[in-house]
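The next block holds one structure in the form of structure tokens; read it before the comments.
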Amino acid sequence: ADELRPRFLTDHLAAVHRAIAAGVDVRGYLHWTSMDNFEWAEGYSQRFGLVAVDRDTLERTPKPSAGVYARVCRANAVPVDLIA
């Protein structure tokens, strides 16, 4: 259930990069939420986080997109192999 998020991240971070290159004073990027959480309009049905939360055990499991975001953060850039 994390098929679209890696591309979402890289596309949005590329847009941030373009904004910086165009002279926008970008101070940072914050992903919507680090963990799956309660959304007022959707309850627990949507899972937006980079980390999955099992509602019964509260166990946290990083999603593939968390690995993508970690790579971007470590490199301070979107690695070429992640650019679509």
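To the nearest 0.5 Å, atom OG1 of residue T33 and atom NE2 of residue H31 are 7.0 Å apart. Interatomic distance, K63 NZ to E3 CD, rounded to the nearest 0.5 Å: 10.0 Å. T10 OG1 to H12 NE2: the interatomic distance, rounded to the nearest 0.5 Å, is 10.0 Å. To the nearest 0.5 Å, atoms CD (Q46) and CG (N37) are separated by 11.0 Å.
No more than 12 heavy-atom neighbours from other residues, nucleotides or ligands sit within 6.0 angstrom of CG on N76.
Checked by atom type and distance alone, the side chain of D2 pairs as donor or acceptor with a backbone atom of S65 at under 3.5 Å. Under the 3.5 Å distance criterion, the side-chain polar atoms of R5 are matched with a main-chain donor or acceptor of F48.
Grouping the Ile, Leu, Val, Met, Phe, Trp and Tyr side chains by contacts below 4.5 angstrom, directly or via other members, places V16 apart from L30. W32 and L13 fall into different hydrophobic clusters, where Ile, Leu, Val, Met, Phe, Trp and Tyr residues are linked whenever their side-chain heavy atoms come under 4.5 Å apart, directly or through other members.
Considering all non-hydrogen atoms of both residues, R60 and L58 come closest at NH1-O, 2.5 Å. Nearest heavy-atom pair across V53 and D36 is N-OD2, 3.6 Å.
In this view, Y29 satisfies the ring-ring contact (aromatic ring centres under 6.0 Å, His included) rule with no residue, not counting sequence neighbours.
Annotation: side chain of L82 is in contact with side chain of R71 (closest heavy-atom distance under 4.5 Å).
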